[in-house]
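Notes for the one structure printed next.
Since the structure is predicted, the reported quantities are computational estimates derived from the model, not experimental observations. We're numbering straight along the sequence, starting at 1.
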Amino acid sequence: MSNTVLGYNILLKATIESVEKKFAGTTSNSFSISAETKDSITKDDVGAKRKVVTGYSWEAGVEGLVTIKDTGETAILDRNDLIEMVKSGTEIDVVYGPAGSGAKVQKGKAVITAWSESTDSESEGTYSVTLGGTSALTGQTIV
């Protein structure tokens, strides 16, 4: 993952018909983690409720998708790939964090929960996706 795409922090990888395709957003990206909590109260709390974290969920949004091509790579992601991934629930590998050796990133798997295309008469169309995490996130340092 030595590729840098305009300094943005989300890289996506999907395997489509046995071919790995890498893509990322160029317009804007978002990444959020939300703690899942429950209220707890015990005798020791002296009547005060406290929140207990029972897990977390995460999601990402990526706008202005582009395909990342490594040297010699010919696989290109197209709009039909995205539409099929939404319809089939294809899991996508998500890497969140800065690119480059020594960078600390979060990795996980997600599905596309929303897809949109935006076009006008004077510019190329852009694709945007919202991703919902389907796995735990794992921290990793890029070697």
Side-chain angles (χ1 to χ4, degrees), residues 1-42 45 47-143:
M1 197 181 104
S2 61
N3 294 318
T4 300
V5 179
L6 301 178
Y8 293 101
N9 293 327
I10 296 177
L11 172 72
L12 309 170
K13 293 187 281 184
T15 301
I16 301 164
E17 297 177 3
S18 302
V19 176
E20 182 179 86
K21 298 183 180 188
K22 297 177 187 176
F23 52 110
T26 60
T27 304
S28 66
N29 300 303
S30 63
F31 184 80
S32 65
I33 301 174
S34 300
E36 304 291 334
T37 63
K38 69 175 187 170
D39 288 335
S40 175
I41 189 166
T42 67
D45 295 326
K49 286 185 185 178
R50 61 187 175 98
K51 298 280 187 193
V52 176
V53 176
T54 59
Y56 64 90
S57 61
W58 61 275
E59 65 180 25
V62 186
E63 297 181 17
L65 289 174
V66 295
T67 299
I68 299 170
K69 292 180 68 176
D70 293 328
T71 303
E73 183 181 4
T74 58
I76 295 181
L77 180 81
D78 65 27
R79 66 190 297 271
N80 291 318
D81 289 336
L82 289 167
I83 291 168
E84 290 304 319
M85 286 191 297
V86 174
K87 291 171 26 182
S88 67
T90 301
E91 280 193 318
I92 297 169
D93 292 318
V94 178
V95 180
Y96 173 74
S101 181
K104 294 186 182 205
V105 298
Q106 295 293 316
K107 290 186 170 186
K109 292 194 177 286
V111 293
I112 299 173
T113 58
W115 172 83
S116 65
E117 180 178 350
S118 177
T119 59
D120 63 39
S121 62
E122 297 180 14
S123 60
E124 294 183 22
T126 60
Y127 312 123
S128 302
V129 296
T130 303
L131 304 156
T134 59
S135 74
L137 292 167
T138 57
Q140 185 175 3
T141 300
I142 298 174
V143 183

Check against side-chain contact (heavy atoms from CB on, under 4.5 Å), E59 and L131: CA-CA 5 Å; E59 65 180 25; L131 304 156; 5.9 Å; no

Separation between OH of Y127 and OG1 of T119, rounded to the nearest 0.5 Å: 9.0 Å

Trace of the side-chain contact (heavy atoms from CB on, under 4.5 Å) decision for D81 with K21: CA-CA 10 Å; D81 289 336; K21 298 183 180 188; 2.9 Å; yes

Over all atoms of both residues, closest heavy-atom pair of G64 and S128: N-OG, 3.8 Å

T141 side chain vs G102 backbone, donor-acceptor pair below 3.5 Å: no

Intermediate values then yes/no, side-chain contact (heavy atoms from CB on, under 4.5 Å), T130 and I112: CA-CA 6 Å; T130 303; I112 299 173; over 6 Å; no

Heavy-atom closest contact (T113 atom, G132 atom, distance): CG2-N, 3.8 Å

From CA spacing to verdict: side-chain contact (heavy atoms from CB on, under 4.5 Å), L137, I33: CA-CA 10 Å; L137 292 167; I33 301 174; 3.7 Å; yes

Intermediate values then yes/no, salt bridge (charged side-chain N to carboxylate O under 4.0 Å, His left out), K51 and D39: CA-CA 5 Å; K51 298 280 187 193; D39 288 335; 2.9 Å; yes

S135 backbone acceptor or donor facing W58 side chain under 3.5 Å: yes

Between E91 and T134, a side-chain donor and acceptor under 3.5 Å: yes

N/O donor-acceptor pair under 3.5 Å between S30 side chain and G61 backbone: yes

For T90, all residues meeting side-chain contact (heavy atoms from CB on, under 4.5 Å), sequence neighbours excluded: M85, S88

Heavy-atom closest contact (I10 atom, A60 atom, distance): CD1-CB, 4.0 Å

Worked verdict on E36 versus S57 for side chain to side chain donor-acceptor pair (under 3.5 Å): CA-CA 7 Å; E36 304 291 334; S57 61; 3.1 Å; yes

Minimum heavy-atom distance E63-N29, with the two atoms named: N-OD1, 4.1 Å

Heavy-atom closest pair, residues A48 and I41: O-CG1, 3.8 Å

Check: T15/E20 side-chain N/O donor and acceptor closer than 3.5 Å: no

Minimum heavy-atom distance L11-A24, with the two atoms named: CA-CB, 4.4 Å

Student check: side-chain heavy atoms of K104 and Q140 closer than 4.5 Å: no

Per-pair distances, 0.1 Å, donor-acceptor, side chain in residues 92-101, under 3.5 Å, sequence neighbours excluded:
from	atom 1	to	atom 2	distance (Å)
D93	OD1	K109	NZ	2.5

